[in-house]
Amino acid sequence: MSAQTNFYNRFSFLYPLVDLFLKPQKKKFFNGINQLPYGNLLEIGVGNGSHFHLYKNHKITGIEISTSMLSAAMKNQMGNIELFQMNGEELNFEDNTFDYVVLSHVIAVADNPEKLLTQCHRVLKSNGKLLILNHFTPDNGLKYTDRIFNFWSKWFHLKSLFYLKDIMGINQFKLEKEIILKPFSYFRILIFAKP
Ligand SMILES: C[S@@+](CC[C@H](N)C(=O)[O-])C[C@H]1O[C@@H](n2cnc3c(N)ncnc32)[C@H](O)[C@@H]1O
């Protein structure tokens, strides 16, 4: 078991506190996902699934690497959602299976984001969409906070100083839309297509 999985297994009970802070952006993100044409959607790293009620469209498959987070997610499971314990970096799905892959606050905590994106690319159908919600270090005063926090952020198994351009795997996709969220432009919604 990776140190990261162990961390989420041990601290899953604290996640609802973190989640309070993430709720407003997730509402906007999932509302946008509901507007997309009906499709087969994979969400990687569903966490405790507190956002499942926001899904109003699509056939949803969720995976989660941490058993504790998955147990919490199962309590929030709804009729249109299938859940599995699985590593997003080693997906057990056929190539070209999904119309959408969702990464909500996962890309900066994954052990190997390059492997994760390679798997997202593999399981997406041609012209399928990769939908990302995450913090990215902005070009404003918050970059100094990210730099200061970066040393300690390892203890929380995330990268506080985080630039998308540093992940080469993203170049397999074509950026279709970027929404910079207020306040402070710290969070972004990114929509990529698999060419
Ligand atoms: C910050 S939480 C985000 C949870 C949820 N997506 C949300 O937006 O609230 C990150 C989650 O991703 C999971 N995770 C990290 N790496 C993963 C991987 N390689 N495969 C599947 N899940 C992963 C963690 O266990 C954790 O539950």
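None of the values given here were measured: they were computed from a predicted structure. Atoms within a ligand are numbered from 1 in the order they appear, just like the ligands themselves. Position 1 is the first residue of the sequence; numbering continues from there. Side chains are part of it too, since the values below use all heavy atoms of this structure and drop only hydrogens, waters and symmetry mates.
With hydrogens and angles left out, the side-chain atoms of E43 and Y55 include a donor and acceptor closer than 3.5 Å. Looking only at atom types and distance, the side chain of K194 has a donor-acceptor partner in the side chain of N96 under 3.5 Å away.
In this structure, the ring of H105 has its center less than 6.0 angstrom from the ring center of F187.
Note that CG of L83 is 12.0 Å distant from CE of M78, once rounded to the nearest 0.5 Å.
Given atom 3 (C) of ligand 1, the protein heavy atom at minimum distance is Y15 OH, 3.1 Å. Of the protein's non-hydrogen atoms, I65 CG2, 3.4 Å is the one closest to atom 23 (C) of ligand 1. In terms of protein heavy atoms, atom 8 (O) of ligand 1 is closest to S104 OG, 2.6 Å. Scanning the protein heavy atoms around atom 24 (C) of ligand 1, the nearest turns out to be E64 OE2, 3.4 Å. Among all protein heavy atoms, the one lying closest to atom 16 (N) of ligand 1 is Q4 NE2, 3.3 Å. The shortest contact between atom 20 (N) of ligand 1 and any protein heavy atom is with G88 N, 2.8 Å.
Proximity to M86 (heavy-atom distance under 4.0 Å) selects the following atoms of ligand 1: 20 (N), 21 (C). Those atoms of ligand 1 that come under 4.0 Å of a heavy atom in V109, given as number and element, are 10 (C), 15 (C). Applying the 4.0 Å criterion to heavy atoms of S66 picks out, from ligand 1, the atoms 25 (O). Atoms of ligand 1 lying under 4.0 Å from any heavy atom of E43, numbered from 1 in the order shown and given with element: 6 (N).
Contacts between N48 and ligand 1 below 4.0 angstrom, taking non-hydrogen atoms only, are absent altogether. Contacts between V106 and ligand 1 below 4.0 angstrom, taking non-hydrogen atoms only, involve the side chain exclusively. When heavy-atom distances to ligand 1 are checked against a 4.0 Å cut-off, H105 comes that close through both its backbone and its side chain. When non-hydrogen atoms are compared, ligand 1 lies under 4.0 Å from the backbone of N87 as well as from its side chain.
With contacts defined as side-chain heavy-atom distances shorter than 4.5 Å, the pair F136/S185 does not qualify. The closest side-chain heavy-atom distance from L161 to F149 is not below 4.5 Å. In this structure, the side chains of K28 and I189 come closer than 4.5 Å at one or more pairs of heavy atoms.
Here's the thing with K26: one of its N/O atoms is less than 3.5 angstrom from an N/O atom of ligand 1.
Residue-ligand proximity: L22 is placed with every non-hydrogen atom at 4.0 Å or more from ligand 1.
The number of heavy-atom neighbours closer than 6.0 Å to NZ of K23, taken from other residues, nucleotides and ligands shown, is above 12.
The aromatic rings of H121 and F173 lie perpendicular to each other, with more than 60° between the two planes, well past the 30° mark. Ring planes of F162 and H135: tilted class, angle from 30 to 60°.
For the residues G62, A108, G45, the heavy atom positioned nearest atom 5 (C) of ligand 1 is part of G45.
The side-chain tip of K165 points at the ring of Y163 from less than 6.0 angstrom away and within 45° of straight on.
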